There are 2 protein chains.
Amino acid sequence: MNPSARVLVIDDEPQIRRFLDIGLRAEGYQVLLASTGAEGLALAAAHTPDLVILDLGLPDREGHEVLAELRQWSAVPVLMLSVRDAEAEKVKALDHGANDYVTKPFGIQELMARLRVLLRSRAAPAEAGTPAHYDDGRLVIDLVRRDVALDGAPVALTRKEYAVLTLLLRHAGRVVSQQQLLREVWGPTHVQDTHYLRIVLGRLRQKLGDDPAAPRWLKTEPGVGYRFLD
Amino acid sequence: MNPSARVLVIDDEPQIRRFLDIGLRAEGYQVLLASTGAEGLALAAAHTPDLVILDLGLPDREGHEVLAELRQWSAVPVLMLSVRDAEAEKVKALDHGANDYVTKPFGIQELMARLRVLLRSRAAPAEAGTPAHYDDGRLVIDLVRRDVALDGAPVALTRKEYAVLTLLLRHAGRVVSQQQLLREVWGPTHVQDTHYLRIVLGRLRQKLGDDPAAPRWLKTEPGVGYRFLD
DNA sequence: GCTGCCCCGTATAGATCCCGTAAAACCTTC
DNA sequence: GAAGGTTTTACGGGATCTATACGGGGCAGC
């Protein structure tokens, strides 16, 4: 599926390097090999690989240092290899930017499958489940950047306003009940405080220039809830 | 970045559900629980969770079937749980759309770290193509050389200041939540120490000559986080 | 067509939360 | 022990949220 992806292997053990080299080339990847952290970083900067396999136990520099330095300027997926099975080590590596962690000895098939996952998630970021933004020409809502613009001008929304608007947007076209809005935005203890909704919806309409009597986006369903018109 | 992300747990074993429920809520996630595949699919459709934890051994439907059905309309990250350690099972699950595979018994800390990886990679897909340096004419940030200059004059930053600035820069234009900043710079145990951010951001603004009321680079998103304006 | 009721929209004021800033204590490093 | 960095603590100001009150429109029943 991704035949010519470049994979950088940073490992000091020659037999592991050779093992991975053969396995990766058999799958059609282009392989870069490094035996030290410094060499690996140089290769990463020079060739911008699509994926990095990094051994935690390197001779010249700790694997963590290499990962930290790499993460200064690159978001390339990194799969950590290690003989250490300690949970704290895994947590540390994963929280510092590693994308996966496999302990030696490992099965080559599982490793290859995990590589495919990493390459897949990187290759197809756009096809997210829910659309990341809404744009009808006048109103633009970017859920990733977390900002809203009307006719090109940014609209400043408070937390509650943004939460209500995006909750309605995620169910665009369908009615969202007052109870669901209150539960998800204010918490389960405020499901009867329906006046909150009147305040926030009023403010949203004011900022978006929407008329409750003839709504362009935010429609009231009396006695039930609200609906985002797409 | 994940202020109260929604996590859906699909598992038929009550003690595992309870275990995960407590652990996830302690980390600040909103938790949805399902004991069967059908129930899980219904919840996924109704609430569009940010992440799914799916047990491979379900009573009514095979975990693989649930995964396949979910993947027909959603790209939500899925972490598979299983007692089976067979490599072929892992490869099958990973190649059919799972994003990670953890075998029971598992350490809760490792599982949480892997969840963070999945949520991070999903929330920041555009990070892949970030350049290694930033330059808008006044402010120059070189992520490789690790130095910052304002109007040609070097700016001395401490480790925390640099870490916060570059984390915001790597998500330029998008809001980075207080929790993500705290988790990635100070570690997962300090996600509630929001006053650290006020101190470091204040110092950064002082050194860069940025006004919080009319920011050129560092914009506060009240109650949510901060944003680097590019 | 009238009336009363329910629900919604809006205005206003008070309480609360959140941010920015300063200063000092503590820790690390040399 | 000195210096720089980090963490703790405290406080003022402003934005946001919450509470309350009031007006209007749709609808049912008469």
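What's counted below: heavy atoms across the whole structure, side chains too, no hydrogens, waters or symmetry copies. Since the structure is predicted, the reported quantities are computational estimates derived from the model, not experimental observations. To find a chain, count down the sequence lines: A is the first, B the second, and so on, and within it residues start at 1.
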Requested in this report: Would you confirm whether Gln178(B), through its side chain, and Thr194(B), through its main-chain N or O, come within 3.5 Å as a donor-acceptor pair?
Outcome: no
Query - Between dA19(D) (P) and Leu197(A) (CG): distance, integer Å - result: 13 Å
Query raised in the report: Counting just side-chain N and O atoms, does Gln206(B) come under 4.0 Å of either OP1 or OP2 of dT21(C)?
Result: no
Requested in this report: Send over the distance from Lys219(A) NZ to dC8(C) P, rounded to a whole Å.
Outcome: 12 Å
Query - Spacing between Lys207(B) atom NZ and dG5(D) atom C1', to the nearest angstrom - result: 9 Å
Requested in this report: Please work out which of the three classes, parallel, tilted or perpendicular, describes the rings of Phe228(A) and Tyr134(A), given edges at 30° and 60°.
Outcome: perpendicular
Requested in this report: Examine the side chains of Trp217(A) and Asp136(A) and answer whether a donor and an acceptor come within less than 3.5 Å of each other.
Outcome: yes
Query - Side chain of His195(A) (C-beta onward), nearest among dC19(C), dA19(D), dT8(D) - result: dA19(D)
**Report entry** Most 5' of Arg198(A) and His190(A) on DNA chain D, judged by nearest nucleotide
**Finding:** His190(A)
Query raised in the report: What nucleotide among dG9(C), dT18(D), dC19(C) has an atom nearest to a side-chain atom of Tyr226(A)?
Result: dG9(C)
Query raised in the report: Rounded to the Å, how far apart are Asp211(A) CG and dG9(C) P?
Result: 10 Å
Query raised in the report: Given dT7(D), is OP1 or OP2 found less than 4.0 Å from the side-chain N or O atoms of Trp186(B)?
Result: yes
Query raised in the report: Side chain of Pro212(B): nearest nucleotide among dT10(C), dG20(C), dT7(D)?
Result: dG20(C)
Query raised in the report: Rounded to the nearest Å, what distance is computed from the CG atom of residue Leu182(A) to the P atom of nucleotide dC17(D)?
Result: 14 Å
Query - NZ or CZ of Arg146(B) within 45° of Tyr162(B) ring axis and under 6.0 Å - result: yes
Report summary line: Whichever of Thr220(A) and Arg159(A) has the more 5' nearest nucleotide on DNA chain C, that residue is Thr220(A)
Report summary line: In whole angstroms, the gap separating P of dC19(C) from CG of Asp193(B) amounts to 14 Å
Report task. Provide, to the nearest angstrom, the distance between the OH atom belonging to Tyr162(A) and the P atom belonging to dC17(D). Result -> 15 Å
Report summary line: Heavy-atom nearest nucleotide on DNA chain C taken for Glu221(B) and for Gly225(A); more 5' hit belongs to Gly225(A)
Query - For atom CZ of Arg203(A) and atom C1' of dG9(C), their distance in whole Å - result: 13 Å
Report summary line: Per side-chain contact (heavy atoms from CB on, under 4.5 Å), Tyr226(A) is matched among Leu167(A), Leu218(A), Leu197(A), Val176(A) by Leu197(A)
Query raised in the report: Can you tell which of dT6(D), dC17(D), dC19(C) lies closest to the side chain of Thr158(B)?
Result: dT6(D)
Query raised in the report: Can you find a side chain N or O atom of Tyr196(A) that sits less than 4.0 Å from OP1 or OP2 on dC8(C)?
Result: no
Requested in this report: Between dA22(C), dT10(C), dG9(C), spot the one nearest the side chain of Ile199(B), thanks.
Outcome: dA22(C)
Query raised in the report: Base, sugar-phosphate alone, or nothing: which one does Gln178(A) contact when heavy atoms must sit under 4.0 Å apart?
Result: sugar-phosphate
